[in-house]
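Just so you know, these numbers come straight off a predicted model, no measurement behind them.
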Amino acid sequence: MNVSVICKWLLLTAICSCFCACQSLPEEDLSATDGRSLRVETRSSGSSEVLFPLYLYAFSENGTCAASQIITEANEAMELVLPAGNYQVVAISGVSEAYKMPDSPSLEDVISMEGGANSPLMVGKADVSIGSSSEETLVITLSYAVAALNVALKNVPSDVAAISFSLSPLHSSWSFNGSYGGNPLKVETACSLDTENVWSSKTLYIFPGQEAETTFSIVLEKKDGSRSTYGYTYAGVPVAGRPFNVGGNYSGSVTVGGSFIGGDWGTAIEVEFDFGAAFSTDGEGEGENSEVDLLKLPEIGSIWQGAIVADVGEADTTGADLFLLSLDEWEATTAQVETLTAGYSVNDISGWRLPTYDEAKSLRSSYSGDNRLSLNERIAAYDDSLYGLDGEERYLCDKDGEYYSFIFQGGTTISKAGSKRTYYVRLVKTFRFSY
């Protein structure tokens, strides 16, 4: 090979090397600026302890998770690397086995629970815009997403061996966008006898109430194995960030709950009620007294377990029949009725149906005029997205297997329904309310 050829080869090699080196520069420059560092600091709304592990998520504007981090101890740096853009950052503390966390959440995903938890869930959210700065700092304040349930029951008979307490309906989930939801949840906790002769529960953390009222159930199991169940309907709900202290007295006086837990919780909600009160009636024959346990029955016209208590049957020693009318209302033809009734359930109460001809007459009589207006006001106060009873449109009922229709207005007729037009539909259910 002559010298000129060698020189040309060396020159070509040098040019190619220079070209390749220039081609790599943009790629190196991109990797240096692709992500900006977002430093995050968390703190509670007061002096409450932030529990670890702490979960940190950054959600992009379309709701997907752009970055996440799990912090296991207080001195660990909290830092997310994010491209320029707008984000919602969510911090979560206090997660235990009772909470079900998604592995790779979006902003619409939820944290759920099937019962109460032994640790309080704390959450915090903040919006941040990542710009050209190489480092941003964000401070997030955490607050309680749960209520703290405490139960104390006094003057319970000495032959009682165990007590369980439950309440419903509660929300069963919290979404990363900050809203509560899920199927209605019933939470149960055991009570134990302390040295002051009070049956009390350990603090249980629950999501807030789902409806306008909360139903309690207390089950007393005696040493001989017999069981008694007592119920109470409270016109209120557990609220996130506040203790929910339930105090009951078996003998009929009132027990005030008191502040059972410390920390930076809001003002406690105190629920005071009596249970197990008894009256006596003269027995036949020897004139002995027979004791009957009284349970506070829902009132006629009230909203209970997500339904209207349209009527209450005569109570006996075992309970009473409630005639429930659905809060939900549909517009349907007669051919669509079976589909509505087949799948309808409210708070695990199923078996709903159309009112019979006689029940329709009773409903028409009970909820006409001012009574209908009063009920509609109660429905609106309970949930303003629900419809009240209409006083002009016709509702379906059943007469010996055939469809008839009626109006919630006195003096109107109940007539046979046609197959082509649509009618309003409200379903009914006879529910046995047991002591």
Side-chain angles (χ1 to χ4, degrees), residues 166-169 184 186 211-219 228-237 248 252 271 273-281 290-329 341 344-383 386 388-389 395 397-398 406 408-410 414 425-435:
S166 63
L167 74 168
S168 63
K186 180 179 181 179
E211 298 184 0
E213 297 179 330
T214 306
T215 300
F216 303 152
S217 179
I218 305 167
V219 179
S228 299
T229 302
Y230 306 95
Y232 179 80
T233 300
Y234 168 63
V237 295
V271 183
F273 72 102
D274 309 330
F275 72 101
F279 68 88
S280 297
T281 58
S290 59
E291 201 171 61
V292 180
D293 289 327
L294 288 180
L295 194 63
K296 183 175 180 181
L297 290 169
E299 296 179 356
I300 296 176
S302 67
I303 296 174
W304 175 82
Q305 290 291 81
I308 301 164
V309 181
D311 198 6
V312 177
E314 185 176 351
D316 56 28
T317 57
T318 63
D321 288 332
L322 305 183
F323 183 58
L324 304 179
L325 178 67
S326 68
L327 278 169
D328 294 310
E329 179 177 284
T341 57
Y344 188 63
S345 175
V346 178
N347 286 331
D348 294 328
I349 300 175
S350 57
W352 295 77
R353 56 177 174 79
L354 286 179
T356 66
Y357 183 85
D358 289 337
E359 289 168 343
K361 289 195 295 184
S362 177
L363 288 170
R364 181 187 61 183
S365 174
S366 298
Y367 297 102
S368 296
D370 291 341
N371 287 347
R372 187 185 70 254
L373 296 178
S374 297
L375 177 60
N376 288 347
E377 290 177 359
R378 191 171 297 113
I379 293 172
Y382 175 80
D383 186 342
L386 296 171
L389 300 182
Y395 289 76
C397 65
D398 179 278
F406 70 101
F408 282 99
Q409 188 63 260
I414 300 180
V425 177
R426 294 256 180 174
L427 302 180
V428 298
K429 166 73 177 182
T430 301
F431 182 85
R432 183 63 181 177
F433 194 91
S434 300
Y435 296 147

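The closest donor-acceptor contact from the side chain of Ser366 to the backbone of Ser362 lies under 3.5 Å. Looking only at distances, a side-chain donor or acceptor of Asn376 sits under 3.5 Å from a matching main-chain atom of Leu389. Remark: side-chain polar atoms of Ser368 are paired, donor with acceptor, to backbone N or O of Gly410 under 3.5 angstrom. The backbone N or O of Arg426 lies less than 3.5 Å from no partner atom in the side chain of Ser326, so there is not a single donor-acceptor pair.
Residue pairs meeting the salt bridge (charged side-chain N to carboxylate O under 4.0 Å, His left out) criterion with at least one partner in residues 361-381, sequence neighbours excluded, are Asp358-Lys361.
The two atoms that bring Tyr395 and Val425 nearest to each other are CD2-N, 4.2 Å, heavy atoms only. The nearest pair of heavy atoms linking Pro355 to Leu363 is CB-CD1, 4.1 Å. The two atoms that bring Val309 and Pro298 nearest to each other are CG2-CB, 3.9 Å, heavy atoms only. Residues Ala310 and Leu325 approach most closely at CB-CB, 4.2 Å, considering heavy atoms. Between Ile414 and Cys397 the shortest heavy-atom distance is CG2-SG, 4.0 Å.
In this view, Glu211 and Pro169, Asn347, Tyr382 satisfy the side-chain contact (heavy atoms from CB on, under 4.5 Å) rule, not counting sequence neighbours. For Asp311, the side-chain contact (heavy atoms from CB on, under 4.5 Å) criterion is met by Ile300, Phe323, not counting sequence neighbours. With sequence neighbours excluded, no residue satisfies side-chain contact (heavy atoms from CB on, under 4.5 Å) with Asp348. With sequence neighbours left out, the side-chain hydrogen bond (donor to acceptor under 3.5 Å, both in side chains) criterion links Asn371 to no other residue. Residues satisfying the salt bridge (Lys or Arg N to Asp or Glu O under 4.0 Å) test with Glu213, not counting sequence neighbours, are none. Residues passing the salt bridge (Lys or Arg N to Asp or Glu O under 4.0 Å) test with Asp321, sequence neighbours excluded: Arg432. Listed by chain and residue number, nothing satisfies the side-chain hydrogen bond (donor to acceptor under 3.5 Å, both in side chains) test with Tyr234 (two or more places apart in sequence, or in another chain). For the side-chain contact (heavy atoms from CB on, under 4.5 Å) test, residues two or more places apart in sequence or in another chain that qualify with Ser345 are Ser350. With sequence neighbours excluded, no residue satisfies ring pair (Phe, Tyr, Trp, His ring centres under 6.0 Å) with Tyr367. In this structure Phe431 satisfies the ring pair (Phe, Tyr, Trp, His ring centres under 6.0 Å) test together with Trp304, sequence neighbours excluded.
Proximity of Lys429 to Ile349: side-chain heavy atoms (C-beta onward) are separated by under 4.5 Å at one or more points. No side-chain heavy atom of Asp328 sits less than 4.5 Å from a side-chain heavy atom of Leu427. Between Asp383 and Leu327, the closest side-chain pair of non-hydrogen atoms is not below 4.5 Å. With contacts defined as side-chain heavy-atom distances shorter than 4.5 Å, the pair Gln305/Leu324 does not qualify.
To the nearest 0.5 Å, atoms OG (Ser302) and CG (Leu322) are separated by 8.5 Å.
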List the steps and the verdict of side-chain contact (heavy atoms from CB on, under 4.5 Å) for Ile308 and Leu375.
CA-CA 9 Å; Ile308 301 164; Leu375 177 60; 3.9 Å; yes
Stepwise side-chain contact (heavy atoms from CB on, under 4.5 Å) test for Leu354 and Val428
CA-CA 6 Å; Leu354 286 179; Val428 298; over 6 Å; no
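Ring geometry for Trp352 against Tyr344 counts as perpendicular: the plane angle is over 60°, on a 0 to 90° scale with 30° as the lower cut.
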